[in-house]
**Q** 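Starting off with a structure, shown below.
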Amino acid sequence: MYRNHILYLLEKYQTLVLVGETGSGKSTQIPQYLLEAGWGNKGFVIGITQPRRVAAVTVAQRIAEERGSILGQEIGYAIRFENFTNAESTRIKFMTDGYLVQELMRDPLLLKYSVIVLDEAHERSLYTDISMGLLKKIQRKRADLRIVIASATLDAEKFQQFFNQNETDDSSLDTATILSVEGRSYPVDIMYTSSPVPNYLDATVNAVQKIHETLPAGDVLAFLTGQDEVEKALRRLIDYARDQSGSGMKLMVLPMYSNLPAQDQMKVFQRMGKNTRKVVLATNIAETSITINGICYVIDCGFHKLRAFSADSGIDGVVVAPVSQASATQRAGRAGRLRSGKAFRLYTETEYNKLPQASVPEMQRSDLGTAILQLKCLGIDNVLRFNFPSAPSAKTMIRGLDLLYALGAIDDFGKLTEPLGIRMADFPLEPKLARMILVSGQYGCTDEAITIAAMLQVKNIFHSPPNRKLAANKAKRKFAVKEGDHITLLNVYDAFISNNKSSRWCQEHYLNYKGLMRSLTIREQLERLLKKFKLPLKSSEGDVDSILRCIVEGFYGNAARYHPSGCYRTIRDNNELHIHPTSVLYSTKVQPWVVFHEILRSGKDYMRDMTVIDPKWLYELAPHYYQYGTEREIAAKRLKVDHSEPT
DNA sequence: GAGCACTGC
């Protein structure tokens with residue numbers, strides 16, 4: 001395929017932007033071309049990054065198989081917790097883009113590598129963008145390092161300009177170039193509605209029925225925005241399928257979203273009998289993360305859920321937003337992998353033309369605390385001037401810097417503190433939790449701190465099947481304590497260990513066994529980090545106050561106070577907050593002061609994972625953050641803010 | 001009485 005062309009351009013240019021549809025085979029072919037052309041000689045390694053762990057593993061597996069080699073030798077992969085590479089023999093190394101950033105801490109100029117391929121760059125994941133900024137810097141010092149950016153069409157020129165070091169008008173001096181490779185997919189007919197659709201859920205259900213009644217055999221993939229919508233549409237289409245039974249072709253309707261248990265997810269990959277049409281109702285998980293073979297018809301509602309971060313309130317949330325043209329193209333393409341297909345867009349062509357070309361990169365809609373910490377650790381002192389492919393707003397950057405300063409990770413000059421800041425960057429956790437763990441030695445509760453941090457990484461520890469909610473709630477109350485969710489999670493973990501990590505015990509107590517096993521692994525990793533920093537593993541032996549104070553050390557910025565209006569308000573910004581119904585504090589008597597782990601935005605702003613605190617701790621532990629010394633003064637400040645706001 | 005797409009160290 002474009003073998004010689006690619007190799008020629010890589011000799012001539014430092015950076016090659018390779019444009020081609022996903023699934024065109026380039027992920028597996030290009031690394032092998034590079035290897036055969038000698039880019040893996042003299043001990044050099046060819047590195048390929050992927051935004052997702054599974055992709056890194058499966059592509060590595062596929063190539064190893066093609067070449068008849070054992071995975072972990074010539075072909076290897078490295079992702080968090082798993083390193084299947086061999087220091088001497090590995091020539092092609094797959095990794096996640098996050099892993100590459102981590103690798104840079106050990107090998108700042110990537111001297112081991114001759115080529116780095118950033119695959120799926122058009123997705124613009126947070127770490128792909130960071131990698132691009134860092135690689136550009138490295139290239140100035142290492143003219144021999146080659147970079148391949150593999151992307152879908154839209155961003156190609158932007159990437160080429162970003163990496164091009166030629167500042168003259170003479171294009172023969174360019175250091176970056178673009179090459180388009182053709183995909184192997186089949187044409188897809190795009191259909192639009194003739195007028196705007198009032199309700200895309202109804203329209204999706206109707207479209208499935210119409211396809212089933214009027215179009216030839218072929219499976220259907222419909223994109224909706226969330227679990228809720230998928231389940232709603234599912235119920236209606238199952239009813240429809242039942243009414244249809246007996247008349248011609250059967251209909252098999254299946255849901256697909258990330259929260260769905262693995263065995264149910266697997267069902268969408270099963271092949272149906274000849275007389276059955278499969279309909280998959282999916283979230284955007286089916287846009288990039290998974291590929292279902294045999295889809296001939298795609299229905300695109302025109303919306304998806306996206307992470308959104310507000311630099312003003314510091315609240316991270318998810319919002320429903322119109323898709324971009326790039327997403328719409330990607331969705332439609334899912335119909336043309338087997339033979340030519342049809343994509344039904346539930347919006348007009350005029351509406352399509354008004355859509356943004358591409359979604360805003362993740363970099364520009366995330367909290368950047370962790371990312372800034374990592375950049376500082378890599379020697380980027382002035383992150384505000386760092387060359388990102390799409391720079392985040394100054395406000396977001398300052399918010400991130402503020403947080404790191406408050407947590408003691410950086411000093412007055414923006415320099416990483418020693419040892420706290422440097423150690424925080426080493427933790428695979430958000431900065432608040434990293435600080436909580438690193439100071440836990442002073443509270444004699446390192447043991448409890450890493451357990452709590454590990455438990456907070458896993459969502460849905462408590463299982464609540466819709467038909468047995470009452471029993472599940474009762475089971476949960478057995479672990480619940482008045483101090484709140486953090487100590488409750490600690491109890492659950494301890495009980496899990498003293499019951500020999502029994503899956504049966506979990507089932508009886510409505511606990512998520514897999515989730516608990518995962519927090520066990522994460523906890524082991526954190527324990528290793530404690531050892532690395534020579535912090536002894538020590539339990540507070542039932543002294544709960546020490547643990548609570550330790551939590552406040554990391555989370556004083558997330559403090560809230562009960563407000564007479566019947567909800568909570570953050571101390572710092574006076575934002576309205578509510579208790580999430582999954583909190584153990586939801587059904588107990590009102591506690592005036594709390595800290596929370598995170599805010600969940602869905603209609604209202606909910607605090608998830610809360611702990612009751614003594615307000616004195618706030619100014620004892622964080623006088624620099626709460627400038628007003630006494631509780632009375634904090635209250636006075638709060639009142640002042642209240643008066644200035646019409647409510 | 002809620003339910004968030006996805007990903008990563």
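By convention in this document, chain letters (A, B, ...) are assigned in the order of the sequence lines, proteins followed by strands, and residues within each chain are numbered from 1.
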**Q** Contact class for S125(A) (heavy atom, under 4.0 Å): base, sugar-phosphate, or nothing?
**A**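 Here S125(A) touches no strand at all.
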**Q** When all nucleic acid strands are considered with a 4.0 Å heavy-atom cut-off, which category describes I79(A): base, sugar-phosphate, or nothing?
**A**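 Counting heavy atoms under 4.0 Å across all strands, the contact made by I79(A) is with sugar-phosphate only.
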**Q** Looking only at atom types and distance, does a side-chain atom of R399(A) sit under 3.5 Å from a main-chain N or O of D367(A), one as donor and one as acceptor?
**A**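 No, R399(A) side chain to D367(A) backbone: no donor-acceptor pair under 3.5 Å.
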**Q** Whether T96(A) contacts dC9(B) is assessed here as follows: a side-chain N or O lying under 4.0 Å from the phosphate OP1 or OP2. Is that the case?
**A**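 Yes, T96(A) has a side-chain N/O under 4.0 Å of OP1/OP2 on dC9(B).
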**Q** Can you see if the side chain of Q227(A) gets near the phosphate of dA5(B) - specifically, an N or O under 4.0 Å from OP1 or OP2?
**A**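 So the side-chain polar atoms of Q227(A) do come within 4.0 Å of the phosphate oxygens OP1 or OP2 of dA5(B), strictly under.
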**Q** With a distance cut-off below 6.0 Å to the six-membered ring centre and an angular limit of 45° from the axis, does R106(A) pair with Y99(A) as a cation-pi contact?
**A**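 Output yes; distance and angle both within limits.
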**Q** Could you tell me whether Y257(A) contacts a base, only the sugar-phosphate backbone, or nothing, with contacts defined as non-hydrogen atoms closer than 4.0 Å?
**A**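 Sugar-phosphate contact only - Y257(A) comes under 4.0 Å of backbone atoms but never of a base.
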**Q** To the nearest Å, give me how far apart CD1 (I372(A)) and P (dC9(B)) are.
**A**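 One finds 20 Å between P of dC9(B) and CD1 of I372(A), rounded.
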**Q** Taking atom P of dA2(B) as reference, at what distance in whole Å does atom CD of E598(A) sit?
**A**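 Those two atoms, CD and P, are 18 Å apart.
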**Q** Y99(A) has a side chain; which of dT7(B), dG1(B), dC9(B) sits nearest to it?
**A**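 In terms of side-chain proximity for Y99(A), the closest of dT7(B), dG1(B), dC9(B) is dC9(B).
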**Q** Check every strand shown and say whether I285(A) touches a base, only sugar-phosphate, or nothing at a heavy-atom separation below 4.0 Å.
**A**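 Sugar-phosphate, no base atom in range.
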**Q** Should R52(A) and E123(A) count as an ion pair when the cut-off is N to O under 4.0 Å?
**A**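 So R52(A) pairs with E123(A) through a salt bridge.
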**Q** Here's one to test your reading of the geometry: is the NZ or CZ of R345(A) within 45 degrees of the ring axis of Y352(A) and under 6.0 Å from its centre?
**A**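 Flagged: R345(A) positioned over aromatic ring of Y352(A).
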**Q** Could you work out which one of dA5(B), dA2(B), dC4(B) sits closest to the side chain of L600(A)?
**A**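 The listed nucleotide nearest to L600(A)'s side chain is dC4(B).
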**Q** Using whole Å, report how far NZ of K604(A) lies from C1' of dC4(B).
**A**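 Taking atom C1' of dC4(B) as the reference, NZ of K604(A) is at 18 Å.
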**Q** For the pair made of CD in Q265(A) and C1' in dA5(B), what is the distance, rounded to whole Å?
**A**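 About 13 Å, once rounded to whole Å.
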**Q** From CG of L470(A) over to P of dG1(B), roughly how many Å is that when rounded to an integer?
**A**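 Interatomic distance, CG of L470(A) to P of dG1(B): 15 Å.
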